[in-house]
Amino acid sequence: MRVADWAATRDTLHMWIQIIGKIRMAVAPTVNHWWHVTPYPTARGLTTSPVPYREGASDIEFDFLDHRLHLRTSDGGSSAIALEPKPVATFYLETFEALAALGLQPQIHAIPNEVEIAIPFADDHKNKSYDGEAARLFWQQLSQAERVLGRFRSEFVGKASPVHFFWGAMDLAYTRFSGRVAPAHPGGVPNCPPAVMQEGYSHELASFGFWPGGRSRFGGTARTGCWASLSGPAAGGVTAEQVKRRSWSRP
């Protein structure tokens with residue numbers, strides 16, 4: 001998709017997914033390289049997958065077919081929020097009210113990360129667009145990209161990440177590791193503490209993924225969704241600040 005065709009929805013959805021990703025981060029056991037914070041594509045959208053809840057589990061799923069956010073617990077509790085044009089502040093309030101009704105009270109850092117302008121979720125009345133068809137097409141892109149990355153992942157026997165969605169940069173990624181410790185990442189990502197990047201890039205890696213386009217934290221802009229890869233640290237002349245892209249669709 002062309003970024004210009006769904007930019008307002010993209011920006012709003014990015015914030016919504018950050019909220020849900022931060023909830024996962026607050027309740028899931030910590031995993032190296034921040035693997036515990038990521039949602040995963042499903043047959044209908046994106047899910048936190050099951051995370052601890054009392055003596056059982058809970059999950060949250062974006063359904064981009066029926067355009068609902070589903071909140072469920074293993075003791076039979078459930079709630080749903082409509083995905084429709086609404087400010088981020090409203091989505092944030094509705095989500096935490098639904099969680100409280102289910103007996104969940106996660107504590108999150110309620111300010112977005114990895115964006116230049118970080119408006120606290122509770123105060124964000126700027127981002128309020130939702131084009132359901134654009135959201136559905138975005139999810140379908142993620143679904144197809146997951147199939148490709150999953151096949152690619154199956155060919156590697158070393159340490160490798162799941163295929164998962166990082167809500168900071170809004171990309172579906174898969175990463176391979178050499179096993180060697182890497183120099184400390186210098187940081188510099190907007191509204192993201194250096195320690196976060198240092199944990200993510202603590203070991204030599206090569207990462208591959210799909211990104212919906214826009215302005216990259218690594219510099220430059222893509223007009224459409226695209227494939228991306230990077231290495232960290234420098235490897236063969238490529239650094240973590242140099243991203244090679246191949247267009248997902250025609251420019």
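Starting from 1, each residue takes its place in the sequence as its number.
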Mind checking whether Y130 and W16 have parallel, tilted or perpendicular rings, split at 30° and 60°?
parallel
For residues 139-159, which residue pairs pass the salt bridge (Lys or Arg N to Asp or Glu O under 4.0 Å) check, not counting sequence neighbours?
none
Dump the intermediate steps for side-chain contact (heavy atoms from CB on, under 4.5 Å) on V3 and R223, then the final yes or no.
CA-CA 5 Å; V3 173; R223 293 178 295 174; 5.6 Å; no
Rounded at 0.5 Å granularity, tell me how far CG in D59 sits from CG in L71.
8.5 Å
Could you report the tightest heavy-atom contact between M15 and P112, atom names first, then the distance?
SD-CB, 3.6 Å
Are E61 and R68 within salt-bridge range, i.e. N to O under 4.0 Å?
no
Decide whether L65 and Y40 are clustered together by the hydrophobic rule: side chain heavy atoms of Ile, Leu, Val, Met, Phe, Trp, Tyr closer than 4.5 Å, transitively.
no
For H70 and F62, I'd like to know if the aromatic rings sit close, meaning centre-to-centre distance below 6.0 Å.
no
Cluster overlap W227 with V163, hydrophobic side-chain contacts below 4.5 Å:
yes
Looking at every non-hydrogen atom in both residues, tell me the closest pair between V37 and W167 and how far apart they are.
O-NE1, 2.8 Å
Sidechain-backbone polar pair: S207 side chain, S229 backbone, donor-acceptor under 3.5 Å
no
side-chain contact (heavy atoms from CB on, under 4.5 Å), that's the test. Do L99 and I60 meet it? Break it down for me.
CA-CA 10 Å; L99 288 169; I60 303 176; 4.2 Å; yes
Any donor and acceptor pair, going by atom type alone, linking the side chain of N113 with main-chain N or O of N191 inside 3.5 Å?
yes
Describe, in one word, how the ring planes of H164 and W35 are oriented to each other, choosing from parallel (under 30°), tilted (30 to 60°) and perpendicular (over 60°).
perpendicular
Same hydrophobic cluster for V88 and I108, using side-chain heavy-atom links shorter than 4.5 Å among ILVMFWY?
yes
Are any side-chain N or O atoms of K86 and backbone N or O atoms of A82, one a donor and one an acceptor, separated by less than 3.5 Å?
yes
If a pair satisfies salt bridge (Lys or Arg N to Asp or Glu O under 4.0 Å) and one of its residues is in residues 180-201, list it, with sequence neighbours excluded.
R180-E204
Please lay out, stage by stage, how S143 and W139 fare under the test side-chain hydrogen bond (donor to acceptor under 3.5 Å, both in side chains).
CA-CA 6 Å; S143 295; W139 157 66; 3.2 Å; yes
State whether a side-chain donor-acceptor pair under 3.5 Å links S79 with R72.
no
Hey, is D66 close enough to R44 for a salt bridge, meaning N to O under 4.0 Å?
yes
So that I know where these two stand, are W6 and F138 an aromatic pair - ring centroids less than 6.0 Å apart?
yes
For the backbone of A206 and the side chain of S231, can you confirm whether one donor and one acceptor N or O come within less than 3.5 Å of each other?
no
